[in-house]
Structures are given as C-alpha cells and as structure tokens.
Protein chains: 2
Amino acid sequence: MNNPTLKEIAAQLGISITTVSKSLKGYSDVSEKTKKAVIELAQKLHYTPNSFAVNLRTKESKTIGLIIPTLVHDFFSNVIRGILEEAEKRDYLVIILQSNEKLEFEKKQIDLLLNKRVDGILMSLSNETGDFEHLKSIIAHNTPLVLFDKIAKLVSCSKVTINDKKAAYDAVSYLIKRGYKKIAHFRGSYLPQNAIDRFLGYKKALEDNGIPYDSSLVFVCDNNTDFEDGYENAKKVIDEHPEIDAIFAVTDLVAIGIIKYFNETGISIPKQIAVLGFSNWFMSSVISPKLSTIDQPGFEIGRRSASILFDEINLKKKNLPVIFQSIELETSIIEREST
Amino acid sequence: MNNPTLKEIAAQLGISITTVSKSLKGYSDVSEKTKKAVIELAQKLHYTPNSFAVNLRTKESKTIGLIIPTLVHDFFSNVIRGILEEAEKRDYLVIILQSNEKLEFEKKQIDLLLNKRVDGILMSLSNETGDFEHLKSIIAHNTPLVLFDKIAKLVSCSKVTINDKKAAYDAVSYLIKRGYKKIAHFRGSYLPQNAIDRFLGYKKALEDNGIPYDSSLVFVCDNNTDFEDGYENAKKVIDEHPEIDAIFAVTDLVAIGIIKYFNETGISIPKQIAVLGFSNWFMSSVISPKLSTIDQPGFEIGRRSASILFDEINLKKKNLPVIFQSIELETSIIEREST
DNA sequence: TTGTAAGCGTTATCAT
DNA sequence: ATGATAACGCTTACAA
C-alpha cells in the first residue's frame, strides 16, 4: 500500500495539485463540487499528508523532546504522563531521552534533539550538571526550552518546580512540632538545585525553632542509587549518632532504604526514630510502616511544563515576544505511620 | 542563529551544492583540498543537515514509535530503558505513546505514528485489545512491527515475550513442592494473552500434581488498578475460601495489594497463606514480608524487541525478505519471604 | 474558481 | 574533480 500524494489525487481527478491541497485544507476559494470530489477520493485512498514534506515546508516538526535523568522512577513516570497528555491535546508527539544522570549524555541528547529540529525541549537536569553551556546552545538555536524539577537558576528560560526550600522547611517544622528534636537529614548530591534547597529548608527550620544546626547530622546520598544510599547511611547514622530521633530524607526511595535497615535491625519507627520522605511515591503507601512524606505533584509538573512550552512555541511562531515564567506548584505533607 | 545550509556553504566557498554535499558525505570523487575547505567551514558554521529535507529525500525518519499501555509501571519503565539503549546505538530516536489500556487510544496512537512515518513500531497491547484490525493497518503500510509482552498470536509479525504458561506452571509447581495445597489464583483480564497463559499454566500445574482445579479459587483482576484489585480480592477470598494456603498473583502489584490486606488483618504470610507474585518489581524486595516472585526481564525484552525491529528495518531497506521471529526469554523464580 | 510556479534542503543521476 | 538538474511532496503567492 503506497501512500498516495496530492499529485496522484490531482491526476485522478484531472485537476491541479494546488486545488487538491486547498480543498483538503478547507480553503474557501474552491467550489463545493470539486472540494467534495477531492475529499471523497482522499478518503477512499486513505490519503494522509507526508509529514516529511510538511515539516520541510513549514519548518515545524510537531514534535517536542524530553530529557530526563532516569525513567524508572515514579516521579518522572508521572511527569511524562502529564506531558504526554498535553502533547496529545495539541497533536504533538514526544521524543523521550534519558541522561542517566550524566552530563555527557545530556549534551549528546540535546544535540540529537536539536538536529532533529524538534519544536521545543523539556528538561530535568542530571545530578552531574554544574555548568550550563549546553543549555545555552538550545537557546542559541532559538528553540523554546522549559526546565522542570531539577533546574538551573541561571539559565534564562521558563521553569516549573515546587518550592523545595519551603516544602523542606514545612516538613522539618512539622517534625519539630511533633516533638522530634534531634533530626538528621539525608540530603541529595551537591549540584542539583532541589537538593540544595531542601537542605537549606531543613537548616532554616532548625534555626527558626531554636535547634542548633549540626553538620554531622547531614548525610549525602549521591550514588544515584537512592535506595542503597538510604540503607547505608542509616547504618552510619546509627553508628555515629544513635541519639537522633528523626530523619528527613531527600527522597522516598532514600527513606525506604532507611526503613528497610531499621526494620531489619529492630529499630522501631517512629517510636525510636521517625522517618519522613519526599515525593509521595506509590510505594510509600504500601510499605510498613507507611511512610509519611511530602506530596510532589509530578503529573501536574509535567502538564504545566508542557503547556508553557507549547505556549512559547506558538508565540515564537507568531513572532510575538515570550515572557519566561517560573511556576512553583504547591506541596503538602502526607501524614502516615512513620512520623 | 540560523541553521546554515549546503547552499550557504557552497556560496561562501564559490563552489556547487553538489560538491559540498559530496565532501561532507565522504565521497571519493572530491579533491582533498576542496573537501578540507568544506569540512572546515561546515564545522565553523556548526552545520548540521536539515533532517526534514533528509527525511523527505531518503524517506526515512530515523525514528521509531513505541506504544505501551501505561508508563507508571516498573516493568514497562525497564522495557523502555532497553529500547532506548538499542535505539541510541543506531542513532534512532523513540516516540513514546500510552494507550492507557484503551483500544480506542491504541488505534489513534497507531495512526499518529503512521502519519509521522516512523520507520518501525514497537507495541505491547492494551487489556481491551481483542481484535487486531488496527495492527493489520501497520502491516499494510509496510511498517515493521514488533510486539512484546502483551502480544496477539494471530498477527503476523515478530514477537518477544516470556513463556508465560511455563513460568506460571513452574511457579505453581514450586508452591506445591513447598507443601501448599489449596492454591488460589488472582488472574488478569480475559483478553491479554499473557493473563490467559499464566492462568493456563496455573491450571496445568495443579492437574499435573493431582490437585483438582477449582474455578471458585480463581479471581479476576481487571480494573486496571492492580493494587486495589489485589486488596479487594484478598478480602473476598478470605470470606469465601478461608481454607486456602497460598495465592499465585498475576502481578507483583496485585500481590502487594494482597499483602497489604493480610498485614492489616493480621493474617500471617506465609505461615497462614503464602503469596507469590509475578514480574519482580523493585518494590517487591522492600515490602515486608519480601515478596517471592517470578523474574521477568523487562530490560532485556526491550532490548531484544528493539534489536529485532531495527534488523527488520534494515532488511526492508535492502529489499530483503524478513523472517518473523518469536523470542521467548527465560524467567526464574525469586524466592523471598512470602512463600 | 482554478492553476502556475517557486521554494523548502537534501540526494542522486548524469554531464562536463 | 566538479556541477547542472531533477526529484522528494507539500504550501503559498501570484496569475489567469
């Protein structure tokens, strides 16, 4: 089954390609009669426009690119769902690439998407990403870019995040209100903005509540294997600081690693030590004890990011100025059994 | 920053477009001198071929499409990882779409990909998919198609699966060997081949071991919310058949629903009732009790499916005949605490 | 109302 | 060794 072209339809009806094209696109300067004949034949032949030709002509691909650190991740899966939903509404397709938390890959993926001439790019940065030259090349190509979740404050483009600092501040304040006093923090790597902000929120909450900040209670989880990071550092914290009464983890997966270690060693949660996660993964509601955590609206982050990107694509098409937005979505504390 | 074209390079060097194109593609009938000049200028201008034009000319998109029922799923996430890895090796990009377990969406997604003229399509069918006309339209378009995981036996194309019947047979035989006698099965919906096969494997294992098959011990999980299905049916089975001593679940998520219900109601696993899952999700190793399950190699399924698809794309390009393959990957039993 | 023709940026054939 | 030219299939300004 060969794909029919405008040319073939035109030939069969004995009219010009132009008229066929106009008929199919609903132009008004075609007689009802010819229009009808064209549409009928087109349907009969299952005509669909050759997207390669359309792309070339219109310089649009009707495709956007998405680069995320990793796919196997509840949060990102939900982000993708949100993005796909928005894209579908607008008849856009989405090319998905993983950076595997590597800057080197991230650069490569950007080049791939730019060469493919996608109409826009959505990104969450890798943990390794400390400089942003490669992002500037996107902007230099005049390709709309929206960063979400793991963003770079210094890059000028729209951003969709939660207020990580505030969320962490509220989380730790909540722990303090519940009576916990010796609160450890299992933080993320040093580069990602959200890890930094969560750490700062933790610190500020302590200080504002008259609890001195103690850097020896902060443990870094930067092996990109959150779960094991949590497990190993739980071991360490018990060794070095058996007196703690709570842990605020940068991620549910880290928290689940902690829970596993505590369950294995008979440390009772939350009686001996409370555990508070971050993100509200599905898993956190089925583990025992059920994990208290911060709800981070992944689906909504995806939806908003995509929606903003499409707006920018449209503005650009109309040669209108784009005003970059920085959206911060609301989070909330989910109280379960671990705190 | 406008993207430079062959034309511009040619103009700057005062030579023809043809010569520029040849130089860049390493043809031998260009003098070393001009070739060098062209390559240098191209690099300086950051020339990259316009993929729209290349697509149009070569009739290739260097893109494949992937349709899966749902993204938020450990198994599919791993499949995607495998696919992306293979695609990357070959400089192919992947467009990902979800069917949301709906036949209607599945049809629409196929049309989108076909209109986009992807070079090949990878699919796992939705639970609703009972007839396969839409798949035939892919084949009619002469677009290579590989089905994986949830396949249609009747469609002529390559397929990558596990041997679901055997895996289930082995699983239930294992339970019987461990001394369990009254084994319930929480099966998947009626349409998907893998749910059918797992059920058949369950039934055959009972029969081969002299345990009469009892249809009242089979519960259907078809609300596409596996976890709640498991939870609700666990309630039901305890009501109707408190005498059972084991449950073989079609999916880890179903099994986790069961575990949750049993944990809440104080039913001890595996002492009172054993639970065996299927797929080996990450989650199953952190829940308590840790879930025994069947390891289903998602990453490998993705890799193989993609690899076969690319082979078929290449054969087609060379006008060579394609022989469809049906690959069955190995599974194994992961023994943990729940059996 | 219909059609002509140029152009998007490549690649490939055929001359020179 | 180099280049003119046609073609891929579509859109659109401009004529007729």
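Any value given below was found using the heavy atoms of this structure, including those in side chains, with hydrogens, waters and symmetry copies removed. Note on naming: letters A, B, ... go to the chains in the order of the sequence lines (proteins, then strands), and numbering restarts at 1 for each one.
If you measure from atom CG of Asp29(A) to atom P of dA13(D), you get 12 Å, rounded to the nearest angstrom. Put simply, CG on Asn55(A) is 13 Å from C1' on dC8(D), counting in whole angstrom units. The CZ-C1' distance, from Phe52(B) to dA7(D), rounds to 20 Å in whole Å. Note: CD1 (Ile15(A)) to P (dA16(D)) measures 21 Å, nearest angstrom. Atom-to-atom, CG of Leu13(A) to C1' of dT2(C) comes out at 14 Å; the value is rounded to the nearest Å. Rounded to whole Å, atom C1' of dT12(D) lies 15 Å from atom CG of Leu24(A).
At dT2(C), one or more side-chain N or O atoms of Thr34(A) fall inside 4.0 Å of OP1 or OP2 (strictly under the cut-off). Contact annotation: Thr19(A) does not reach the phosphate of dT2(C) (side-chain N/O to OP1 or OP2, under 4.0 Å).
Minimum interatomic distance between Ile313(B) and Pro144(B) (heavy atoms only, all atoms of both residues): CG1-CG, 4.0 Å. Taking every heavy atom of both residues into account, Arg304(B) and Ile327(B) meet most closely at NH2-CD1, 3.3 Å. Of all non-hydrogen atoms in Ile301(A) and Leu329(A), the two that sit nearest each other are CG1-CD1, 3.6 Å. In plain terms, the two heavy atoms of Ser156(B) and Phe324(B) that are nearest each other are O-CE1, 3.4 Å.
Using a 4.0 Å cut-off between charged side-chain N and carboxylate O, Arg81(B) and Glu85(B) make no salt bridge.
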Footprint string (nucleotides 6-13 of chain C, 5' to 3'): B base within contact, S backbone only, - free, heavy atoms under 4.0 Å: BBBBBBB-
Stepwise side-chain contact (heavy atoms from CB on, under 4.5 Å) check, Lys150(B) with Glu101(B): CA-CA 11 Å; Lys150(B) 295 202 280 184; Glu101(B) 301 283 11; 3.4 Å; yes
